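The next block holds one structure in the form of structure tokens; read it before the comments.
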Amino acid sequence: MKITKYKSNNCGELNLNNINEEVTLSGWVACVRDLGGMIFVELRDRTGFFQLVSDPQVNPEAHKTFEKLKTEFVVTVRGKITRRPEETYNEKYATGQVEMYPGLIEILSEAKTLPFMLDDDSVSEDIRLKYRYLDIRREKTLNNLILRHKIVTATRNYLNTQNFLEVETPVLINTTPEGARDYLVPSRVHEGKFYALPQSPQIFKQLLMVGGVEKYYQIAKCFRDEDLRSDRQPEFTQIDLEMSFVEQQDVIDLVEGLLVDTFKEAGVEIKPPFIQMTYQDAVETYGSDRPDTRFDLKLFDVTDIMQASTFEAFKGVIADGGTVRAIRIPGVANYSRKDMDDVRSLAISFGAKGLAWVTYMETGEVKSPVFKFLTEEQIAELQTRSGAEKGDIVFFVADKPKVVFDVLGRFRLYFGKKLGLIDENKHNLLWVVDFPMFDYSEEEQRYMSVHHPFTSPNLADIDKMETDPANCRSIAYDIVYNGTELGGGSVRIHSSEVQERVFKALGFSEEEVQKKFGFMVNAFKYGTPPHAGLALGLDRLVALLARTESIRDVIAFPKNSSAKCLMTDAPAEASLIQLRELHLKSTVTKK
RNA sequence: GGGAGCGUAGCUCAGUUGGUUAGAGCGCAUGCCUGUCACGCAUGAGGUCGCGAGUUCGAGCCUCGUCGUUCCCGCCA
């Protein structure tokens, strides 16, 4: 390291190899142990802890300063590294065999008593966020930032080696017609007009492909004005990349290599190629487009059995285009009536209209409210198909396919967690491919893009865009890690004709297309390479590798769950002068 | 927008059926203590029980409202 006036070495890097070296250290006083005579001080910097000792008989001058020290004072010390008496070695610290009797000590900055103790892991998050600069002094928070840095560095190294160019795209752009709510920025120069902050650099990175960049990446800030969750912040970071002259598999190969390198930074070894599962398989088997395959509990189809039964409720659902699926939950046959009521409420809260079940009691008895509608053969077939054993319950949901898969998928996760079936040491990565192109929105009464409007349809399904949009597949893919969507991407449309057909299928008029995407459609008329790309959620990736629940833990200065910064109090009111300059008038009435 | 949980000392929490002066640990202050490393010992300071209203002879505790915070649903191409 470069030697400065304040530092010749880092605290955490000293050991027996440095004995007798004269060093200068600076840092924070983590702890003072005043024994009356001797005083022990733990000095902390980014790298770790180092013990200072003061003895009034060794150095009375320095000792006077030591007596003034309090927690979190910033000090600089100079002295010789010495070996601790062997019986006082501290195995807990890397520097536990050495210490220093400083010849010189200077207090660089005093500190008030902190509002919370740095070694207390149970301090509530709002206090840590209010004093985030103190929270960052905590080893855990700092380590998360260090891990994030390592992952970003590994990403840059990997992509640079693969000949990618890192290109910045603008932050002040136009609003995005599809997708999330935009953050708007009023224009001072253009009265009544607004920029928006990007939800992603999507259009720009595609235009970089038109521009011949061929391989682009960016550690890109993205903004979405939607309600927050522990894994969602209003501003977040994507590892965004795009490549020309490639197909889906080329992107997958590249990203698998990237993930190997980034996971390595967290000490996790993963081995591509990862499983590729179709969207349809994922949804039918796991009830989710981001299946957690760390545990089994697969859904299965019983539509045919119920169709052949005399259970009119289920038969009606099936006649209306519905389906009946089931899941076997092991070891819950002893559930009380109340437990079962809770499970039923859970199903209803997940969107089911009702819940049916078969209980395989420990005694061997098999009970179900639906047995009266079934023949012996059908009951036997149910057991064969479910593989149910004594102690299990098989749950059924009948509804529109979307509802059934969603409910049973959530059931699967709920019981997976509750019954402790999830092996936390697994690192299951998989690709979900063949996403549908469109999804019908009841609210908007039209088809919407499942991915985004620039996603290429599967060439085999291209004419379904007009004839059967619901069954038109796209060339879109998601990377899923332990049941979390880490990122996704697609092969993009590179033909302006196909792009116009997609816009039409989405219900955009020609005027709308010209107005919103005219520049893009035009750009594509000047020679566009086939291209594809993907974006990874950096915050989620780091949070998962740091084994923390919330992405706030891996962001230096995050917003709380109501999108507020507890440290700076942003967002805040703007002055009337500012508003006037921006041609804005608040509609909020003051209380 | 909806649902649930939480809010008592600087921090983390306890507080019985509504009943006298609201407690603990840590931190902080002062004193003692020469090999500590969660140093130890002693003494002490520290409270708008989030805020407002209501019920009651009496509210930290019950009711309503409100604010803050967390999680979930909706939302997040």
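Everything quoted here is computed from the prediction, not taken from an experiment.
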Pairing partner of [N] (Watson-Crick or G-U wobble, both distances under 3.5 Å):
| N | value |
| --- | --- |
| C76(B) | none |
| U17(B) | none |
| C32(B) | G40(B) |
| A4(B) | U70(B) |
| C11(B) | G25(B) |
| G52(B) | C64(B) |

Describe the nucleic acid contact of [X] in one word from base, sugar-phosphate, nothing, applying a heavy-atom distance below 4.0 Å.
| X | result |
| --- | --- |
| E99(A) | base |
| L228(A) | nothing |
| T88(A) | base |
| D34(A) | base |
| T176(A) | nothing |
| P85(A) | base |
| I127(A) | sugar-phosphate |
| R84(A) | base |
| K112(A) | nothing |
| K70(A) | sugar-phosphate |
| Q57(A) | base |
| E87(A) | nothing |
| V53(A) | nothing |
| M448(A) | nothing |

Exercise. Is the ring centre of F454(A) less than 6.0 Å from the ring centre of F517(A)?
Worked result: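 Judged by ring-centre distance (under 6.0 Å), F454(A) and F517(A) do meet the cut-off.
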Item to check | Aromatic contact, F395(A) with F411(A) (centres under 6.0 Å) | outcome: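 That pair passes the under 6.0 Å test.
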Q) Would you say the side chain of I493(A) lies within less than 4.5 Å of the side chain of Q206(A), judging by non-hydrogen atoms? A)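 No - every pair of side-chain heavy atoms lies 4.5 Å or more apart.
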Considering just the side-chain nitrogens and oxygens of [X], establish if one lies under 4.0 Å of OP1 or OP2 belonging to [N].
| X | N | result |
| --- | --- | --- |
| R33(A) | U36(B) | no |
| R128(A) | U69(B) | no |
| S124(A) | U70(B) | no |
| K92(A) | A38(B) | yes |
| N90(A) | U36(B) | no |
| S550(A) | U70(B) | no |
| S561(A) | U70(B) | yes |
| K130(A) | U69(B) | no |
| R229(A) | C73(B) | yes |

Nucleotide [N], atom [atom2] - distance to [atom1] of [X] in whole Å:
| X | N | atom1 | atom2 | value |
| --- | --- | --- | --- | --- |
| R232(A) | C71(B) | CZ | P | 11 Å |
| D55(A) | G35(B) | CG | P | 10 Å |
| L118(A) | G27(B) | CG | P | 13 Å |
| D120(A) | G10(B) | CG | P | 15 Å |
| M38(A) | G40(B) | CE | P | 18 Å |
| D439(A) | C76(B) | CG | P | 10 Å |

Has F116(A) got its ring stacked on the base of C11(B), with centres under 5.5 Å and planes less than 30° apart?
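The ring of F116(A) is not stacked on C11(B).
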Do NZ/NE/NH1/NH2 and the carboxylate oxygens of [X] and [Y] come within less than 4.0 Å?
| X | Y | result |
| --- | --- | --- |
| K130(A) | D126(A) | no |
| K559(A) | E235(A) | yes |
| K402(A) | D439(A) | yes |

Item to complete: For the side chain of S562(A), starting at C-beta, report the closest nucleotide among U69(B), U36(B), U12(B).
Response: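 Nearest listed nucleotide: U69(B).
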Taking [M] as the reference, what is the distance to [N] when you measure between their [atom1] atoms (whole Å, please)?
| N | M | atom1 | answer |
| --- | --- | --- | --- |
| C33(B) | A38(B) | P | 23 Å |
| G27(B) | C39(B) | C1' | 16 Å |
| U66(B) | G7(B) | C1' | 13 Å |
| U70(B) | G50(B) | C1' | 16 Å |
| U21(B) | G15(B) | C1' | 15 Å |
| G5(B) | U63(B) | P | 12 Å |
| G40(B) | G25(B) | P | 13 Å |

Within the 3.5 Å criterion, strictly below it, is a donor on T278(A) or D434(A) matched to an acceptor on the partner's side chain?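 Distance-only check fails for T278(A) and D434(A).
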Side chain R224(A) and base C75(B) donor-acceptor under 3.5 Å: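 Looking at the base of C75(B), it does not pair with any donor or acceptor on the side chain of R224(A) (distance under 3.5 Å).
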Whichever of A180(A) and Y93(A) has its nearest RNA chain B nucleotide further upstream toward 5':
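Counting from the 5' end, the first nearest nucleotide belongs to Y93(A).
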query: Under the 6.0 Å and 45° cation-pi test, does R412(A) pair with F295(A)?
result: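 Judged by the rule, R412(A) and F295(A) form a cation-pi pair.
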| said: So does Q202(A) get a backbone contact from the side chain of S200(A), meaning a donor-acceptor N/O pair under 3.5 Å? | reply: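 Such a contact is found between S200(A) side chain and Q202(A) backbone.
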